[in-house]
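Worksheet: the structure to be examined is printed underneath.
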Amino acid sequence: MSVSDEAVRLAVTDNQADGTDLINCRKLQEAQKQLDEQDKGRETGRPEYEDKTNGETGTDTADAVDIKTITVRRQLEEIRLKMTLEAGRQLMKKGFQLDTDSLSKIVDGLKDIENQYYKNLLKEGNAVVSTENVEVLKNSLQGIEELKGMPSYILGSILPNRSTETVNELIAAGTELRQAFDKAGEAYEALMTKPRSDMGDSITKAFRNVDAILEDMKLEPTQANERAVRILGYNGIEITNENIQYIKSYDEQVNQMMKNFHPAVAAELVKKGTNPLNMPIEELNRHIDGIKSELGIREEEKYSKYLWQLEKNNGISEEEKKSYIGIYRLLNAVEKTDGAALGAVLKAAKEVTMNNLLTAVRTIKSGGVDAAVDESYGYLEQLTFTRENITDQVNTSFQTTGVSDKKDENTKYLEEKFSYMSNLLKDVMEEIAPDKLQAMGNPEEILHMSVEKLQEEFLNTEGNTDLEYDYWDQKLETCRKLTEQADDALKLIRDYDLPGSLPNIQAAKDLLSKDQTFYKQLKKLMEGSKGNTEEVKEAGKEQHSVYLPDISEGFIQALTGPETMKVQYGTMEQEVNKLLNQSYSNPIITSQDIATLQRISYGMSFIQKLAVKESYEIPIAVGDNITNVNVTILRNTGEKGKVNVDIDSKTLGKVSAVFSVKEQGMNALITCDNRTGLEVMVNNSQELKAAVSQTGIEIKQLNYGIGNKISGSDRYNNYNPENETEESSYNPEKDVTTDILYNLAKTFLVHIKEIEMNLNK
């Protein structure tokens with residue numbers, strides 16, 4: 001609805017005459033129609049359309065009308081900004097009449113819908129839904145969105161204080177500067193968005209000598225360098241190599257923050273009790289990176305998407321596919337050096353190109369981490385990975401011609417450059433896509449392109465939007481299937497007070513399944529990697545040291561207390577990560593392979609979270625069989641001195657054991673869901689009694705019976721986070737100690753393992 005200020009004033013004046021204060025959309029439309037008809041009447045000279053708005057009005061009345069006009073205009077703007085098709089539907093569902101209800105009522109309705117959106121974000125992130133948290137979340141998301149359109153020149157004015165400047169302070173400085181620009185009608189570059197189209201030419205004219213300045217300084221005419229010169233020039237700061245680097249580094253930090261500040265990330269920050277607007281940019285970026293990882297936004301997902309796009313793009317040849325996989329693996333290899341490769345290139349005063357980074361990675365792989373990169377290392381033939389080296393992949397379809405000349409780098413500002421280039425590499429990893437690489441041409445040229453120019457090319461190259469939509473449609477369908485029949489998984493997640501993220505749902509469903517538990521998936525992965533052992537050795541890779549019988553024995557021996565179990569889980573994580581990284585390095589990996597590896601990674605993370613609550617997933621490996629065991633120590637649920645052990649065995653069936661230890665001794669109930677398994681357990685009861693007696697625990701009662709098949713999620717409902725503080729009421733004279741409970745669990749697991757070994761002879 002387009003309503004002029006004159007129409008608003010007319011509607012308000014009519015209301016004053018009628019003695020009513022109600023302004024609605026219908027009245028505004030009628031007022032606008034009346035004015036339009038008056039304009040037509042003036043053009044035709046028809047007297048019935050004389051101006052009815054020029055009557056004499058007293059000063060007090062005029063002031064009241066003006067104030068009311070301003071209020072109505074503000075309300076209209078609020079509605080315009082917040083109204084969407086979906087918002088309109090929600091309002092009508094709630095009984096609002098958009099034509100006849102007052103503007104203030106509609107504004108209030110839109111505010112309620114808006115606040116509900118932020119409440120839902122907090123709920124999804126398991127954060128406390130309070131008025132304070134809603135306001136912090138809303139102000140943060142709206143503030144960052146507003147910051148994107150602020151003049152980029154504020155980066156120069158606050159450059160000296162950039163390490164401590166908060167988002168709120170950036171917004172305040174930007175608002176003041178933007179108002180000055182708008183008042184003068186001058187053009188400006190926005191921090192994140194493009195310059196206003198109607199003022200773009202004036203910006204170009206104002207800084208027409210930028211390229212000449214860069215040429216004199218022997219700097220590449222990239223958009224980042226040009227923008228830095230304009231920011232320095234506007235603020236009257238001396239244009240030097242050093243100041244250009246400082247501006248670029250700060251600009252990249254701010255833009256990364258704005259780009260990565262997604263609603264889910266913002267909700268997680270609020271959940272942690274943090275107000276993002278009060279944090280310096282560099283610190284906020286560190287928090288965002290950590291949260292993205294926690295939420296499952298990982299490098300593996302990016303690689304999976306990249307491979308999926310390669311697999312679905314029929315316009316890319318097999319040779320090009322191998323080249324593009326090689327480029328991605330190069331970027332990933334640089335990232336895996338934790339900055340060592342980038343630091344080596346900068347220390348050697350070399351231009352940061354893909355080629356020089358690859359040479360640095362090769363140096364690190366050969367043990368020369370501290371060696372500088374120079375021409376004596378030659379081209380890139382020596383760096384090898386699993387099965388096929390990266391250089392061969394990159395240059396599969398193009399012949400290498402040699403190394404281009406490199407410009408010297410100024411090492412005086414190594415730290416600032418390192419931070420800047422690290423952020424650029426993150427951007428490149430975010431933006432890289434097969435269709436963009438294809439549009440850029442020869443992969444060899446990409447190797448010799450500066451990282452700054454490469455990032456610029458990626459940002460300016462339009463991707464295949466149809467393929468992008470197809471990918472997210474496929475992801476949406478995967479999510480839909482994952483959340484179907486997930487009641488047990490969600491119950492398990494809620495019982496342990498864990499986030500209801502998709503990775504957690506996947507891991508919980510796998511854990512509760514019979515054949516897709518973490519350890520069984522890990523076993524399949526190890527079996528699949530056996531055929532690659534010789535190739536792995538030839539490529540100089542260490543063979544994986546993950547061996548399930550060793551993991552099993554390690555956990556059984558570590559069942560002496562929570563600290564020893566924590567160490568054991570950490571040891572397993574290190575070894576499993578080695579295997580996963582080795583698998584990710586496979587040059588012929590597919591997007592489906594990555595999905596499998598991700599599930600294993602999610603599963604490992606999930607059982608570690610359960611272990612923090614003293615609920616342990618332990619494998620018993622006997623022959624080719626993996627028996628899944630859950631051991632839960634009950635010390636904070638009001639039932640102190642209890643151990644629950646649930647077993648899903650191929651030979652015994654489902655076995656459940658509950659051990660209750662008091663100062664008088666131990667009572668135990670062991671059930672099995674089938675007659676055969678129960679008979680085996682009963683036949684071995686004397687061995688169990690003897691083993692328990694050796695621990696110094698007196699057996700008061702040991703019962704066996706047929707048990708009903710319990711649902712998987714009910715095995716894990718022993719944790720009660722509200723009773724965490726009960727540890728403080730521990731009475732050493734009456735309550736059993738932790739080591740007794742863990743030792744009892746260990747004894748029973750050894751007993752089960754011996755039974756299974758005898759059955760498998």
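For the single chain, residues carry numbers from 1 onward in sequence order.
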Heavy-atom closest pair, residues [X] and [Y]:
X: Pro499; Y: Ile493; answer: O-CG2, 3.6 Å
X: Asn674; Y: Leu652; answer: ND2-O, 2.9 Å
X: Ser656; Y: Asp646; answer: OG-OD1, 3.1 Å
X: Ile594; Y: Glu300; answer: CG2-O, 3.5 Å
X: Gly665; Y: Lys700; answer: CA-CG, 3.9 Å
X: Ser601; Y: Leu580; answer: CB-CD1, 4.1 Å

**Message:** Can you confirm whether or not the ring centre of Tyr602 sits under 6.0 Å from the ring centre of Phe518?
**Reply:** no
**Request:** Report, as yes or no, whether the 6.0 Å neighbourhood of atom CD on Glu484 holds more than 12 heavy atoms from other residues, nucleotides or ligands.
**Result:**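 Yes - once you tally the heavy atoms of other residues, nucleotides and ligands closer than 6.0 Å, there are more than 12.
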**Item:** Asn683 atom CG: more than 12 heavy-atom contacts under 6.0 Å
**Value:** yes
State, yes or no, whether a side-chain contact exists between [X] and [Y] at a heavy-atom distance under 4.5 Å.
X: His287; Y: Lys272; value: no
X: Leu358; Y: Met354; value: no
X: Leu548; Y: Leu522; value: yes
X: Ile327; Y: Ile432; value: yes
X: Gln521; Y: Met604; value: no
X: Tyr616; Y: Tyr742; value: yes
X: Glu575; Y: Lys578; value: yes
X: Leu610; Y: Leu511; value: yes

Set of side chain to side chain contact (heavy atoms under 4.5 Å, CB included) partners for [X], sequence neighbours left out:
X: Asp427; value: Glu252, Gln256, Lys259, Gln455
X: Gln557; value: Glu553, Lys746
X: Ser501; value: Pro503, Asn504

With a 3.5 Å cut-off and no angle check, do the side chains of [X] and [Y] form a donor-acceptor pair?
X: Glu311; Y: Ser591; result: yes
X: Gln506; Y: Asp510; result: yes
X: Thr632; Y: Asn630; result: yes

Can you list everything that forms a side-chain hydrogen bond (donor to acceptor under 3.5 Å, both in side chains) with [X]? Sequence neighbours excluded, please.
X: Ser649; value: Thr651, Glu756
X: Thr564; value: Thr560
X: Asp739; value: Thr737

Within the side chain of [X], is there an N or O that forms a donor-acceptor pair under 3.5 Å with the backbone of [Y]?
X: Ser685; Y: Val682; result: yes
X: Asn684; Y: Glu687; result: no
X: Thr571; Y: Val567; result: yes
X: Tyr328; Y: Tyr303; result: yes
X: Ser552; Y: Pro619; result: yes
X: Lys271; Y: Gly125; result: yes
X: Lys509; Y: Ala486; result: no
X: Ser422; Y: Phe418; result: yes
X: Ser585; Y: Asn581; result: yes

I need the [X] [atom1] to [Y] [atom2] distance, nearest 0.5 Å.
X: Tyr584; Y: Leu579; atom1: OH; atom2: CG; answer: 10.5 Å
X: Lys609; Y: Ser615; atom1: NZ; atom2: OG; answer: 14.5 Å
X: Ile291; Y: His262; atom1: CD1; atom2: NE2; answer: 11.5 Å
X: Met421; Y: Leu342; atom1: CE; atom2: CG; answer: 7.5 Å
X: Glu283; Y: Met257; atom1: CD; atom2: CE; answer: 12.5 Å
X: Thr274; Y: Met279; atom1: OG1; atom2: CE; answer: 5.5 Å

**Asked** Should Asn628 and Thr517 be marked as a side chain to side chain donor-acceptor pair (under 3.5 Å) after you check the CA-CA gap, both sets of side-chain angles, and the distance that decides it?
**Response** CA-CA 8 Å; Asn628 298 295; Thr517 62; 3.1 Å; yes
Ion pair [X]/[Y], N-O distance below 4.0 Å:
X: Lys305; Y: Glu301; result: no
X: Asp495; Y: Lys491; result: yes
X: Lys302; Y: Glu335; result: no

**Message:** Determine whether Asn644 and Leu634 satisfy the following criterion, side-chain contact (heavy atoms from CB on, under 4.5 Å), listing intermediate values before the conclusion.
**Reply:** CA-CA 8 Å; Asn644 281 9; Leu634 296 118; 3.7 Å; yes
**Asked** Should Val643 and Phe748 be marked as a side-chain contact (heavy atoms from CB on, under 4.5 Å) after you check the CA-CA gap, both sets of side-chain angles, and the distance that decides it?
**Response** CA-CA 10 Å; Val643 179; Phe748 187 64; over 6 Å; no
**Message:** Between Lys523 and Glu527, is the salt bridge (charged side-chain N to carboxylate O under 4.0 Å, His left out) condition met? List the steps.
**Reply:** CA-CA 6 Å; Lys523 181 174 180 288; Glu527 289 173 346; 2.7 Å; yes
**Request:** Apply side-chain contact (heavy atoms from CB on, under 4.5 Å) to Leu284 and Leu269, showing your working.
**Result:** CA-CA 9 Å; Leu284 180 54; Leu269 283 166; 3.8 Å; yes
**Complete:** The residue among Val645, Ile607, Leu559 that forms side chain to side chain contact (heavy atoms under 4.5 Å, CB included) with Ile618 is Leu559
**Request:** Step by step, work out the side-chain contact (heavy atoms from CB on, under 4.5 Å) result for Leu749 and Phe555.
**Result:** CA-CA 10 Å; Leu749 259 62; Phe555 274 122; over 6 Å; no
**From CA spacing to verdict: side chain to side chain donor-acceptor pair (under 3.5 Å), Asp593, Thr596** = CA-CA 5 Å; Asp593 292 334; Thr596 299; 5.6 Å; no
